Amino acid sequence: QVQLVESGGGLVQPGGSLRLSCAASGSIFVINAMGWYRQAPGKQRELVAVFTSGDDTNYADAMKGRFTISRDNPKNTVYLQMNSLQPEDTAVYYCNANVRPNRLSLARDFWGQGTQVTVSS
């Protein structure tokens with residue numbers, strides 16, 4: 001059993017900033033990848049930014065230069081610093097992790113419950 005808990009969402013004015021956090025807990029043997037996705041009303045879930053292998057990261061083009069992903073490995077936590085937020089960034093932001101829970105199981109994806117980010121004046 002793996003749990004991902006997001007925090008840090010809220011209401012912010014255009015041009016403002018927020019920092020999201022996601023902490024993974026439970027049965028964790030190896031975390032292969034961890035990061036953020038988002039889903040706006042009526043749209044498909046899309047990649048925001050993720051750590052893949054090692055220190056490699058993958059950002060969606062729309063996020064480059066504005067969003068920064070970071071992590072604290074001992075805490076199994078990733079962060080998303082979001083700057084210059086615009087109304088188009090309004091969405092539910094979901095934490096995702098590809099986790100191998102134990103040595104007897106294969107890795108699979110786990111999702112957090114999501115945290116709402118609303119950018120509005």
Side-chain angles (χ1 to χ4, degrees):
Q1 197 172 23
V2 176
Q3 298 85 40
L4 303 177
V5 179
E6 304 103 328
S7 63
L11 175 65
V12 65
Q13 293 185 331
S17 298
L18 287 172
R19 191 172 91 134
L20 307 182
S21 300
C22 174
S25 62
S27 181
I28 300 172
F29 183 63
V30 175
I31 298 178
N32 297 307
M34 193 170 179
W36 297 92
Y37 292 73
R38 71 183 185 185
Q39 188 167 23
K43 296 184 178 180
Q44 290 187 294
R45 191 168 299 185
E46 65 176 342
L47 171 74
V48 176
V50 295
F51 283 100
T52 54
S53 62
D55 293 327
D56 292 340
T57 56
N58 186 19
Y59 290 87
D61 288 342
M63 324 306 173
K64 291 180 179 178
R66 298 191 300 124
F67 293 5
T68 303
I69 189 170
S70 61
R71 66 184 179 185
D72 185 339
N73 286 337
K75 296 181 179 179
N76 290 327
T77 299
V78 295
Y79 306 92
L80 184 69
Q81 179 66 46
M82 304 186 294
N83 298 324
S84 302
L85 284 163
Q86 299 300 312
E88 294 74 28
D89 297 313
T90 296
V92 178
Y93 284 71
Y94 294 93
C95 182
N96 169 267
N98 185 262
V99 178
R100 186 182 178 187
N102 57 71
R103 68 181 301 275
L104 300 179
S105 61
L106 297 174
R108 65 182 181 92
D109 282 354
F110 294 85
W111 293 89
Q113 81 286 349
T115 184
Q116 177 71 47
V117 172
T118 302
V119 185
S120 176
S121 60

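The shown structure was predicted, so the numbers you read here are calculated from the model rather than taken from an experiment. Below, all heavy atoms of this structure are taken into account, side chains as well, without hydrogens, waters or symmetry copies.
Following chains of ILVMFWY side-chain contacts shorter than 4.5 Å, one cannot reach Val50 starting from Met82, and the two form parts of different hydrophobic clusters. Residues Ile28 and Phe51 are members of one and the same hydrophobic cluster, defined by side-chain heavy-atom contacts under 4.5 angstrom among Ile, Leu, Val, Met, Phe, Trp and Tyr. The hydrophobic cluster containing Leu80 also contains Phe110, counting ILVMFWY residues as joined when their side-chain heavy atoms lie under 4.5 angstrom apart, directly or transitively. Linking Ile, Leu, Val, Met, Phe, Trp and Tyr whenever their side-chain heavy atoms come within less than 4.5 Å puts Tyr37 and Val92 in one cluster.
Taking the six-membered ring where tryptophan is involved, the planes of Trp111 and Tyr94 are perpendicular, since the angle between them exceeds 60° and thus also 30°.
Under the side chain to side chain contact (heavy atoms under 4.5 Å, CB included) criterion, Ala33 pairs with Asn98, not counting sequence neighbours. With sequence neighbours left out, the salt bridge (Lys or Arg N to Asp or Glu O under 4.0 Å) criterion links Asp61 to Lys64. Here Val5 pairs with nothing under the side chain to side chain contact (heavy atoms under 4.5 Å, CB included) rule; sequence neighbours left out. Applying the salt bridge (Lys or Arg N to Asp or Glu O under 4.0 Å) rule to Arg38 yields the partners Glu46, Asp89; only residues at least two apart in sequence or on another chain are considered.
In this structure, Ala24 and Ile31 approach most closely via the heavy-atom pair CB-CD1, 4.4 Å.
Using a distance-only test at 3.5 Å, with no hydrogens or angles considered, no donor-acceptor pair links the side chain of Thr115 to the main chain of Tyr93. Of the possible donor and acceptor atoms, none in the side chain of Ser84 sits under 3.5 Å from a partner among the backbone N and O of Arg66.
Contact check for Tyr59 versus Thr68: side-chain heavy atoms found under the 4.5 Å cut-off. Residues Leu4 and Met34 form a side-chain contact, since some pair of their non-hydrogen atoms from C-beta on lies under 4.5 Å apart.
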Distance-only criterion, 3.5 Å: show the donor-acceptor pairs between side-chain atoms of residues 6-23 and protein atoms not counting sequence neighbours.
| from | atom 1 | to | atom 2 | distance (Å) |
| --- | --- | --- | --- | --- |
| Glu6 | OE1 | Gln113 | N | 3.0 |
| Glu6 | OE1 | Gln113 | NE2 | 3.1 |
| Glu6 | OE1 | Gly114 | N | 3.0 |
| Glu6 | OE2 | Cys95 | N | 2.8 |
| Glu6 | OE2 | Gly114 | N | 3.1 |
| Ser17 | OG | Asn83 | OD1 | 2.8 |

Please tabulate, one pair per line, all N/O donor-acceptor pairs under 3.5 Å involving side-chain atoms of residues 69-78, not counting sequence neighbours.
| from | atom 1 | to | atom 2 | distance (Å) |
| --- | --- | --- | --- | --- |
| Arg71 | NE | Asn73 | OD1 | 3.4 |
| Arg71 | NH1 | Gly54 | O | 3.1 |
| Arg71 | NH2 | Gly54 | O | 2.6 |
| Arg71 | NH2 | Asp55 | OD1 | 2.7 |
| Thr77 | OG1 | Lys75 | O | 2.9 |

